[in-house]
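Working notes, beginning with the structure itself.
Along the sequence shown, the residues carry numbers beginning at 1.
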Amino acid sequence: MTTSKQDLREYLQEHLLVGDGAMATQLHALGAPVGVSFEELCLSNPRVVHEVHASYYQAGARLLETNTFSANRDALSRYGLEHKVARINRLAVAIAREAAKDDAYVAGSIGSILAGRVKKKVLDEYRDQYEEQAIALLHAGVDALILETFLDLEELLLAIEVIRPLTDVPVIAQLATLEVGRTRDGYSLTDAFPQLKQAGADVIGLNCRLGPAEILRSFESTIFPDDSLLSAFPNAGRLGMTDGEYAFKSSPDYFAESALRLRDQGVRLIGGCCGTTPAHVKAIADALAGQKPQARVNPTIALAERPHITVQSIHEREKPSIVERVKTATTIIVEFDPPRDLDAEQFLDGCCELHKAGADAITLADNSLATVRMSNMALGALMKTRHGIDPLLHIACRDRNLIGQQSHLMGLHALGIDQILVITGDPSRFGDLPGASSVFDVTSFDLIRMVKQLNEGVSFSGRPLKQKAQFIVGAAFNPNVRNMAAAVARLEKKVEAGADYIMTQPVYDVESIRLVHEATKHIGIPVFIGIMPLTSSRNAEFLHNEVPGIKLSAEALERMKKVQGPAARQEGIAIAKELLDTAVRYFNGIYLITPFNYYDMAADLIAYVRQQSALVKTAQP
């Protein structure tokens, strides 16, 4: 693909353009340690920066971004480099220009100064910094400026306001959202993009934070101004820990498929952000080779809200714990996520429906994926006191230090909530408040031990307590790993720490169910096998390619590709039922995960589990 170095705006009118991928990911892979200024490498090790640019050029990128994302005075001051802003930016352009040869654009990268932190300063203080960096990049001769990874529309508008009067070179303005369709400062993308275009942005789009599936959903649900030139630089899925290492999940092949889908949405400049490599960029370039840009077609119909269900009173009833019950009977735990808003009633309605359907316990995540949701402690108390529903609360190591953890557990004890699941928790920087701190005073192993210590009447500090707690403590197990033996060894440590039961990540093939049974049958405590129905082909691809800890079978992916709309949800239920046919033969414990709060799907599966488990027991001699 050649550009013939037209003005970028003119080129994008008639052509697709492949951008590069992550700079920091590649610099780290080439030996740059975490915690240094990657931008300073333009001074101390220009060769390695050139090597990254050249690798993306060779992969097919024809827009290279300078290594200047955080080359502003605020960021460089953390390394004592605030006096080298101009020099670093100028050298970065020269390095990229050499790698770009004669047929690739060089875009000067300018990142957010807030950079995910909570807004404490007056944004006007950033004006001089944007001007200083932009002037250095412009004097060095960039073909365009790319303003990227701005979580707040207001900051991005300020940057454009400062930069646009300085130059007529194309300005690419990219927001980064923490959730599909809305900026951190509360603007819908439909409201935000017209403001960016009116302010003087020539190309508008999204980058970072989200992977291909959620970036695509954002484009599908946003109304863009007419004749907009669009860009997309998604992350390589979500960052998570697999086999003991943090890694992004999305494969190059998946990126190739996603590039074609983004092109169908009218996107013309497509590259990658965090976690992407030259292999991802080559996949994009290969997929788009010979393709023509598509005209943008905005959505016309908004998704309807799901109907509100009226609460029906359910009388409180006594029943044994899940660990006592699962020893003799099929026992069903259903996960139902707390709301991300202030209205608890619809959530409680769903809990009532699941309870009536036969759930033995409803489990509530603790701000899963580091995304803020209503307190599961408060909701668990409402479930128990209003409706007699047994809550099972997740407790993450991430959000509370040891003082807060013991206080939280003491509060649960006072409320009579004694069924919990201890998990590590996803890092805060990948959630919807990336400026928040991740605490991690203890590991999940440590916290399990300390909870059991409360059961002995001893506080975390070793002080004797007047009462003993009665917590039933669960632990999580991810069977979707390359090294099952290592995963089981980790699980055995949790059992040794005092775990009373295990809940697994969802599995999507019969062989995995049998494998989990064989791998865990020696551990001596109940295992609840995870099953989560799929809702669409897009949902299946997202889970498989972007969510850590989940791996779908090729058969499940292929089946979901063949159906759309309501039929897709029915197919997802059918697949789940086929898995449950096997699961009830091997496990008394079933863990159903409700997708997108579609509790009707979970209720259907609860009834099916009851039916199939009864058939299995009848058939037994």
Side-chain angles (χ1 to χ4, degrees), residues 116-120 178 239-241 246 335-342 344 347 361-385 390-476 493-494 497-501 503:
R117 294 171 294 179
V118 177
K119 192 186 332 181
K120 294 181 179 178
L178 301 170
L239 181 66
M241 181 175 284
Y246 282 109
E335 180 168 325
F336 193 49
D337 276 342
R340 296 178 64 179
D341 210 332
L342 297 177
F347 171 82
I362 297 176
T363 184
L364 284 64
D366 188 8
N367 299 322
S368 59
L369 296 176
T371 299
V372 177
R373 293 181 179 272
M374 188 174 287
S375 161
N376 63 4
M377 180 180 185
L379 291 171
L382 291 173
M383 289 164 56
K384 189 175 182 71
T385 57
D390 284 343
L392 191 162
L393 303 190
H394 298 200
I395 297 180
C397 298
R398 174 195 58 233
D399 297 329
R400 293 172 285 269
N401 63 15
L402 283 177
I403 298 170
Q405 290 288 22
Q406 180 171 328
S407 175
H408 184 64
L409 288 160
M410 292 169 75
L412 293 178
H413 173 77
L415 292 168
I417 297 174
D418 55 16
Q419 298 182 141
I420 63 175
L421 176 75
V422 171
I423 60 172
T424 300
D426 303 290
S428 296
R429 65 183 182 277
F430 302 115
D432 61 351
L433 289 176
S437 299
S438 293
V439 180
F440 296 124
D441 271 3
V442 292
T443 66
S444 58
F445 305 103
D446 297 326
L447 189 54
I448 291 170
R449 292 189 192 94
M450 297 172 90
V451 173
K452 300 309 287 268
Q453 186 173 304
L454 295 179
N455 286 358
E456 296 300 317
V458 180
S459 73
F460 287 3
S461 66
R463 179 178 61 84
L465 301 171
K466 294 181 179 179
Q467 291 185 357
K468 293 183 178 181
Q470 297 179 335
F471 290 111
I472 299 159
V473 187
K493 291 181 180 179
K494 293 182 179 181
D500 298 304
Y501 64 95
M503 292 165 64

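Two residues are said to be in side-chain contact when any heavy atoms from C-beta on lie closer than 4.5 Å; L392 and I362 fail this criterion. D337 is not listed as a side-chain neighbour of F347, based on a closest heavy-atom distance of 4.5 Å or more. L421 places none of its side-chain heavy atoms less than 4.5 Å from the side chain of L393. Looking at M450 and L402, their side chains come closer than 4.5 Å, going by heavy atoms from C-beta outward. I395 places none of its side-chain heavy atoms less than 4.5 Å from the side chain of N376. The closest side-chain heavy-atom distance from V473 to Y501 is not below 4.5 Å. Residues L465 and L454 are in side-chain contact: their nearest non-hydrogen atoms beyond the backbone lie under 4.5 Å apart. In this structure, V372 and L433 have side chains that are in contact, with non-hydrogen atoms separated by less than 4.5 Å.
Nearest heavy atom pair, residue S375 against residue A378, reads OG-N, 3.2 Å. Across all their heavy atoms, G380 and P391 have their closest contact at O-CG, 3.7 Å. What you find for A365 and P338 is that their closest heavy atoms are O-CG, 3.7 Å. Contact detail for A361 and Q419: the closest heavy-atom pair is CB-NE2, 4.1 Å. What you find for S461 and Q406 is that their closest heavy atoms are N-OE1, 4.3 Å. Of all heavy-atom pairs between P339 and L379, the closest is CD-CD1, 3.6 Å.
When atom types are taken as modelled, the side chain of K384 and the backbone of L415 share no donor-acceptor pair closer than 3.5 angstrom. Q405 contributes a side-chain N or O that, together with a main-chain N or O of A396, makes up a donor-acceptor pair within less than 3.5 Å. Not a single donor-acceptor pair under 3.5 Å links the side chain of D418 to the backbone N or O of A469. Side chain of T371 to main chain of N367: no donor-acceptor pair is present (N/O by atom type, distance under 3.5 Å, no hydrogens or angles). A distance-only check finds a donor-acceptor pair linking the side chain of S438 to the backbone of S428 [under 3.5 Å]. Looking only at distances, no side-chain donor or acceptor of E335 sits under 3.5 Å from a matching main-chain atom of T363. In terms of modelled atom types and a separation under 3.5 Å, the side chain of N455 and the main chain of F471 share a donor-acceptor contact.
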Apply the test side-chain contact (heavy atoms from CB on, under 4.5 Å) to residues L364 and M383: give CA-CA distance (whole Å), side-chain angles for both, the deciding distance (0.1 Å), then the verdict.
CA-CA 11 Å; L364 284 64; M383 289 164 56; 3.7 Å; yes

Give the intermediate values and the outcome of side-chain contact (heavy atoms from CB on, under 4.5 Å) for residues I420 and L412.
CA-CA 10 Å; I420 63 175; L412 293 178; 4.2 Å; yes

Begin from the C-alpha positions of L447 and F460 and carry the test side-chain contact (heavy atoms from CB on, under 4.5 Å) through to its verdict.
CA-CA 10 Å; L447 189 54; F460 287 3; 4.3 Å; yes

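Checking Q467 against H413 by side-chain atom types alone, a donor-acceptor pair falls below 3.5 Å.
Expressed to the nearest 0.5 Å, how far CZ of R373 lies from CG of D432 amounts to 9.0 Å. In this structure, CG on D446 lies 3.5 Å from OG1 on T443, to the nearest 0.5 angstrom. Note: I423 CD1 to M503 CE = 9.5 Å, rounded to the nearest 0.5 Å.
The environment of CD1 in I403 is sparse: at most 12 heavy-atom neighbours from other residues, nucleotides or ligands sit within 6.0 Å. No more than 12 heavy atoms of other residues, nucleotides or ligands shown are found within 6.0 angstrom of CE on M410.
Screening residues 452-467 for salt bridge (Lys or Arg N to Asp or Glu O under 4.0 Å), with sequence neighbours left out, gives K452-D500. Within the structure, salt bridge (Lys or Arg N to Asp or Glu O under 4.0 Å) pairs that include any residue of residues 397-409 comprise D366-R400 (at least two apart or interchain).
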